[in-house]
Each structure stands twice: as C-alpha cells, then as structure tokens.
Amino acid sequence: MAKIFADDKTFVDKPTLKPVSQVLSAFAQIGGINATRESLIQFIDENFGEEGEELKPVNITELDMSPQFLTQVSDPLVRAFGHKVNGYWSQLIREQDLSELCSGCISSMLQLKYHFVVPGGRFREIYYWDTYFALEGMLRSGLVNLSQSSIRNLLSLVDQYGFVPNGARVYYLDRSQPPLLTLMVKLYYEFTRDLAFVAEALPLLQREHQYWMQNHSVDVPCGTTGGMVRLSRYFVNTDQPRPESYSDDYELAHNVSKNDSGIQAEIYANMATGAESGWDFSTRWVQDAQAPKDKILETIRTQQVVPVDLNAILYQVEMALAEMNNLLKTSPMEDYQKLASERRQAMEHVMLDEATGLYFDYHLYNHKRASQFVAASIWPYWSFESIDEQQAKRAFTYIAQILDKNPGGIPATLIYSGQQWDWPMAWPPLQYVAMQGALLHKQFSVALRLAQAYVNSVFCAWYMTGGSLVGILEKLPNTTDSGHIFEKFSSAQVGMQGGGGEYNVQAGFGWTNGVLLWALDKFGPQLTAPTC
C-alpha cells in the first residue's frame with residue numbers, strides 16, 4: 001500500500017535474504033503496518049533479494065536453428081523473420097535454483113523440478129495456459145525434451161495440489177487458469193507418438209478434470225427445455241486482495257464500499273476469479289459495461305458469468321480423455337464421451353446465438369445470454385468438429401466483418417474500456433483459436449486473413465522497436481532497441497503494441513512466439529511481408 005514499487009508483483013516475487021523469523025522480527029521493530037515509507041524501503045533493502053534470482057537461464061542444444069517447416073514459407077522476409085523468432089526461445093528457458101537461499105530463507109516460487117519456458121517480462125515463472133500456445137512453437141522448433149519438461153512441471157503441480165495453479169507462485173494457489181493441460185499432452189503425443197508419456201500423464205489429467213467438475217460446476221436454467229443443465233464457470237473462493245495486485249484490489253473494493261467487509265470480499269473474489277479466467281480484466285465480466293473507465297470494475301461479477309471458452313475447453317478435455325483411454329485400452333474414471341456430449345448439448349441450448357452463429361456467455365445474475373461479442377465466442381469452432389455449414393458461414397462472416405475494421409487482428413471485445421482484455425487489444429491465443437476454428441470448418445479465406453493480420457502485427461511491432469535482419473532488413477533510424485515481441489497488440493493499428501490494464505505491456509513473449517511459428521507452419525506458402 002506504500003507504493004514503493006510501481007507493480008505490486010515486484011515485492012511478492014522477492015526472496016528473503018534472512019530466515020523468515022528474522023524478517024518478521026525486523027518488520028515488527030519498524031512498527032509493522034504503521035512503519036514509515038522510509039523505514040519500509042530500508043527494511044526491504046536489508047531483508048529481500050532481487051525478484052527472479054531463484055531462476056537461472058538454461059543453455060540447450062536441442063533447438064533446431066533451421067526447422068524444416070520454415071522452408072515452405074515462400075516470402076523471404078517472412079521466412080527470415082521466422083528464423084529470428086525461432087531463435088528467441090533460448091532467451092526464455094529457465095531452471096529453478098534455490099541453492100543460494102540461506103537456511104530458513106523463503107521464496108514465493110513453487111518448486112519446479114524441470115526446465116521450462118517463461119512468458120517474459122514480469123512473468124518470471126511458468127504460467128498455466130500460456131504454456132499450451134508456447135508448445136505449438138516449441139515442438140516445431142525441435143524442443144521436444146523441453147516441451148515434455150514443461151508439461152511434467154504442470155503435471156507435478158496437479159500431483160501436489162490437485163490442480164494446476166495460475167502460475168508457479170504460492171500466491172496463485174487459490175486459483176487455476178484455462179485448463180489446457182490435457183490438450184498439451186494431446187499435442188505432445190501428436191508430435192511424438194509417445195504413448196508411454198500419455199499413460200504416465202493420464203491419471204493426473206483425470207484428477208485435474210475431477211477438480212474442475214467438483215469446484216467449478218454450476219446449474220444453468222435451460223429455456224428451451226424448461227429444466228436445468230450443468231456447465232462450468234471460473235470460481236475462486238477468497239475474501240482477500242490478490243497479493244500480486246494487492247493495492248489495486250484493496251482500492252477498488254474500498255471505493256465500492258468503505259465499511260462493508262462483505263461487499264469488499266465479493267470484489268476480491270470476483271477479481272481473483274477474473275484472473276483465473278486469463279482475461280484479467282474485461283467488460284466481459286462486469287454488469288455495467290457502460291460505466292466510466294475508472295468505475296468499470298466496480299460492478300465485476302465474474303462468478304456470475306458462465307464462460308463459453310471454459311466450457312468449450314472442457315468439452316475438448318473430455319473428448320481427449322476419452323480418446324486417451326481408448327488408445328491405452330484403460331477403463332476411464334468417467335464416461336468422458338457422455339460428459340462431452342451433454343456439455344455440448346447444454347452449450348447449444350444456452351449459448352448459441354442463431355443469428356450470428358456464435359456462442360455467447362451466459363449471465364447468472366439476470367438469467368440471460370450475453371449480447372456482446374467476445375473473441376471467446378468463436379472457441380467452440382475449434383472444439384466442435386462438426387457444426388452446421390451455414391451456421392459456420394454466418395459466424396466467420398461476422399469475424400470477417402470485425403477484421404474489416406480491425407486490421408491488426410480480432411480484438412478481445414468490441415468495447416473500449418481501458419482494460420487490457422477489451423478493444424482494441426488483439427491477443428495471440430485468441431487469434432490462434434479463431435484460425436483453428438476457421439481451418440477446421442473450411443473457412444480458408446478468413447483463416448488466411450487472420451494469419452496475415454497476426455504476422456503483420458507481430459512483425460511490424462518488432463520492426464518498429466528496432467528489429468533488423470542482417471543483409472535483408474535495415475534497422476529503422478532513431479531506434480535504439482533490437483526489436484521486441486509483445487504479449488498483445490492493437491487490433492486498430494498494425495504494429496502498435498497493446499496496452500491497458502494493471503501493468504505495462506510485456507516483451508518476450510512465449511505465446512506470441514508459439515502462435516507465430518504455428519501460423520508460419522500452417523499458412524507459410526500464402527503469407528506475404530507486410531508494409532509497416
């Protein structure tokens with residue numbers, strides 16, 4: 001609350017330099033919560049190390065510097081950029097090293113046994129849903145062992161905690177993220193045909209699915225049948241601010257109510273639940289999307305939203321678990337095929353908007369399907385292999401019309417709020433899902449438009465921040481950096497990095513690299529170099 005660091009995550013990521021008992025004693029001596037700002041600064045300097053110092057870069061030899069898939073990228077500039085991005089993995093690989101912590105010293109990092117890829121920037125640890133999109137690139141870059149190591153870290157978290165936390169920090173142990181672990185194992189198997197690894201992972205994947213069913217299921221009224229159907233939602237049980245965003249949550253809750261601890265607790269729970277969704281934050285989760293920008297999160301109701309993407313993901317998970325049990329000829333914990341079928345039927349009844357062909361969230365607070373477009377509305381087109389052809393055409397015509405006004409990609413929503421999961425932010429995982437859905441349902445022209453828009457955004461943002469290619473592309477004058485790969489981009493202006501939200505835009509960036517390399521593999525012969 002003293003705002004010593006611009007980002008609250010900085011402090012909670014610092015390991016102690018002294019045994020925790022001594023740190024707590026020193027805190028008491030300066031007056032605890034009544035300490036002055038100056039004494040707090042000195043206390044932190046004397047008792048805490050640098051954030052991220054428990055992690056070490058890793059030199060690996062398995063990175064393929066000339067992956068085969070890049071040879072079919074026909075445009076020489078796009079191909080050269082692909083080679084450049086392929087080389088960036090070496091900057092993002094880490095291993096945990098707690099050996100320099102003193103006896104009794106502590107870190108907020110959860111213990112990780114294997115190597116992994118970090119997203120980049122302030123995201124110093126392994127993150128759950130980021131990992132899936134990074135894997136799409138890592139496997140194409142020859143990083144098969146690293147991919148398995150990353151998955152093993154997540155499996156070990158399920159083994160220890162029963163689920164995958166948001167990221168590998170103790171302050172993330174009250175929440176998860178979009179549950180893509182089963183799809184990671186499926187993806188790894190499709191690349192390697194390593195059935196023994198699937199057999200090893202399957203009990204833990206089934207355990208994670210059980211966690212989601214037990215802790216995130218909700219009954220939803222079904223207007224077409226008059227009964228109730230069971231779907232899933234994000235749900236975090238907490239009454240405290242998120243430690244990594246403590247002052248933001250505290251100030252928001254106390255702006256809503258100065259004295260009512262019950263109302264404050266609701267805000268804290270809904271903010272943490274928004275973080276669990278991966279979409280932190282968006283008008284998607286608020287009851288009043290037209291509120292002034294500085295008030296937009298005061299009506300946050302994430303726990304009262306049944307999200308289309310979570311249910312589409314769990315459908316994919318259930319189908320994959322059925323497939324894995326079938327491959328291994330094992331008896332499944334549940335009838336996953338039946339669960340998937342029931343989930344899809346429920347989604348068709350509750351979420352499908354016939355007019356657009358898209359699937360929308362359901363609001364428990366007013367018992368209505370949402371009316372605003374969110375990029376998650378397209379997720380079922382990746383999940384469901386068979387969808388009525390005319391319905392698919394309507395959906396991707398709608399997407400094409402959004403692209404007409406957003407040359408940098410599909411924005412998270414069409415509402416400008418200043419939040420980072422709203423217009424005009426175009427996020428790599430959402431572009432990936434839209435491309436996958438378009439490909440699966442033979443909407444090839446829209447798929448290519450999405451891929452070209454994505455390549456244009458990533459390339460131009462990199463070029464405008466000093467990117468160059470020896471002998472091919474000169475650095476822009478008056479640029480001092482060497483090119484950044486960002487976590488998000490502007491859909492409205494090609495090459496503009498994203499913004500908004502609780503922190504500055506981050507460079508790195510794991511999922512951006514992964515989706516780019518995947519897109520070059522899928523669309524290489526048709527892609528052209530952008531004019532930035």
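Starting from 1, each residue takes its place in the sequence as its number.
No side-chain N or O of Q497 forms a donor-acceptor pair with one of H484 less than 3.5 Å apart. Side-chain polar atoms of Q303 and Y234 form no donor-acceptor pair below 3.5 angstrom. For the 3.5 Å distance criterion, the side chains of S245 and D8 fail to qualify, holding no donor opposite an acceptor. Looking at S491 and N406, their side chains do bring a donor and an acceptor atom within 3.5 Å of each other. A donor atom on one side chain and an acceptor atom on the other are found under 3.5 Å apart for S141 and W89. Between the side chains of Q420 and K488, at least one donor N or O lies within less than 3.5 Å of an accepting N or O. Under the 3.5 Å distance criterion, with hydrogens and angles disregarded, no donor-acceptor pair is assigned to the side chains of Y362 and K368. Y161 and Y211 are not linked by any side-chain donor-acceptor pair at a separation below 3.5 angstrom, with hydrogens and angles left out of the test.
Closest approach of Y128 to L180, counting heavy atoms only: OH-N, 3.1 Å. Nearest approach of A340 to Y315, heavy atoms of both residues: O-CD1, 3.2 Å. Here the closest heavy-atom approach between residue A447 and residue A438 is recorded as CB-CB, 3.6 Å. Across every non-hydrogen atom of A320 and K186, the tightest pair is CB-CD, 4.2 Å. Counting all heavy atoms, side chain and backbone alike, N86 lies closest to P67 at ND2-CD, 3.7 Å. Taking every heavy atom of both residues into account, S282 and T413 meet most closely at OG-CG2, 3.7 Å.
Looking at S457, its side chain never comes within 3.5 Å of a backbone N or O of V494 through a donor-acceptor pair. In this structure a side-chain-to-backbone donor-acceptor pair under 3.5 Å is present from Q443 to H441. Looking at T302, its side chain does come within 3.5 Å of a backbone N or O of N270 through a donor-acceptor pair. Side-chain atoms of S176 do not come within 3.5 Å of backbone N or O of P165 as any donor-acceptor pair. Between the side chain of T512 and the backbone N or O of F486 there is at least one donor-acceptor pair closer than 3.5 Å. At distances below 3.5 Å, at least one donor-acceptor pair connects side-chain atoms of Q72 with backbone N or O atoms of F69. At least one donor-acceptor pair closer than 3.5 Å links the side chain of N311 to the backbone N or O of P307. Side-chain atoms of Y454 never come within 3.5 Å of backbone atoms of Q431 as a donor-acceptor pair (strictly under, hydrogens ignored). Although no hydrogens or angles enter the test, the distance criterion places no donor-acceptor pair under 3.5 Å between the side chain of Y132 and the main chain of L183. With hydrogens and angles ignored, the 3.5 Å screen pairs a side-chain donor or acceptor of T299 with a backbone N or O of D288.
Heavy atoms from other residues, nucleotides or ligands lying under 6.0 Å from CD of E389 number 12 at most. By the neighbour-count criterion of 12 heavy atoms within 6.0 Å, atom OH of Y250 is sparsely surrounded, having that number or fewer from other residues, nucleotides or ligands. Atom CD of E348 sits in a crowded spot, with more than 12 heavy atoms from other residues, nucleotides or ligands closer than 6.0 Å.
Rounding to the nearest 0.5 angstrom, the gap separating the CH2 atom in W421 from the CG atom in L430 is 5.0 Å. Rounded to the nearest 0.5 angstrom, L155 CG and L202 CG are separated by 10.5 Å. Atom OG1 of T131 is separated from atom CG of L187 by 12.0 Å, given to the nearest 0.5 angstrom. Going from atom CD of Q264 over to atom CG of N255 covers 10.5 Å, rounded to the nearest 0.5 Å. Between atom CZ of residue F281 and atom CG of residue D248 there is a gap of 8.5 Å, rounded to the nearest 0.5 Å. Atoms CH2 and NE2, from W285 and H363 in turn, are 8.5 Å apart once rounded to the nearest 0.5 Å.
Contact annotation: the side chain of T283 never approaches that of Q419 to less than 4.5 Å [non-hydrogen atoms, C-beta and beyond].
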| Going through the distances and angles, do E136 and Y432 end up as a side-chain hydrogen bond (donor to acceptor under 3.5 Å, both in side chains)? | CA-CA 10 Å; E136 280 282 27; Y432 169 90; 2.4 Å; yes
| request: Could you walk me through whether Q206 and N325 pass the side-chain hydrogen bond (donor to acceptor under 3.5 Å, both in side chains) test, one step at a time? | output: CA-CA 10 Å; Q206 293 182 140; N325 276 289; 2.9 Å; yes
| field | Worked verdict on Q214 versus H209 for side-chain hydrogen bond (donor to acceptor under 3.5 Å, both in side chains) | value | CA-CA 9 Å; Q214 289 176 350; H209 177 265; over 6 Å; no
| Run the side-chain contact (heavy atoms from CB on, under 4.5 Å) check on W379 and V308 step by step: do they pass? | CA-CA 7 Å; W379 202 301; V308 61; 5.7 Å; no
| task | Test R394 against E354 for salt bridge (charged side-chain N to carboxylate O under 4.0 Å, His left out), laying out the working first. | result | CA-CA 9 Å; R394 290 196 301 276; E354 291 284 358; 3.5 Å; yes
| Derivation of the side-chain contact (heavy atoms from CB on, under 4.5 Å) call for V286 and R301 | CA-CA 5 Å; V286 304; R301 301 285 186 273; over 6 Å; no
| message | Pair E208, W212 - check side-chain contact (heavy atoms from CB on, under 4.5 Å), show working. | response | CA-CA 7 Å; E208 189 205 20; W212 280 90; 3.7 Å; yes
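A cation-pi arrangement, defined by a distance under 6.0 Å to the six-membered ring centre and an angle within 45 degrees of its axis, is absent between R242 and Y268.
Taking the six-membered ring for Trp and the full ring otherwise, the centers of F81 and W462 sit less than 6.0 Å from each other. A centroid separation of 6.0 Å or more is found between the aromatic rings of W279 and W427.
A salt bridge does not link D361 to R233: none of the charged nitrogens lies less than 4.0 Å from a carboxylate oxygen. Looking at D309 and R284, a side-chain N of the basic residue comes within less than 4.0 Å of a carboxylate O on the acidic one, giving a salt bridge. Remark: R175 engages E244 in a salt bridge, criterion side-chain N to carboxylate O under 4.0 Å.
Listed by chain and number, the residues in a disulfide bond (SG atoms under 2.5 Å apart) with C222 amount to none (sequence neighbours excluded). Residues forming a side-chain contact (heavy atoms from CB on, under 4.5 Å) with A395 (at least two apart in sequence, or on another chain): L358, I378, Y381. Not counting sequence neighbours, the partners of E251 by the side chain to side chain donor-acceptor pair (under 3.5 Å) test are K3. With sequence neighbours left out, E125 forms a side chain to side chain donor-acceptor pair (under 3.5 Å) with K9, Y127, R169. Residues forming a side chain to side chain donor-acceptor pair (under 3.5 Å) with Q68 (at least two apart in sequence, or on another chain): T71.
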Enumerate donor-acceptor pairs with a distance under 3.5 Å from any side-chain N or O in residues 517-532 to protein atoms, sequence neighbours excluded.
unit_1, atom_1, unit_2, atom_2, d
D521, OD2, R140, NE, 2.6
D521, OD2, R140, NH2, 3.4
T528, OG1, Q452, OE1, 3.4

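None of F360, W423, Y398 except one satisfies the ring-ring contact (aromatic ring centres under 6.0 Å, His included) rule with F373; the exception is Y398.
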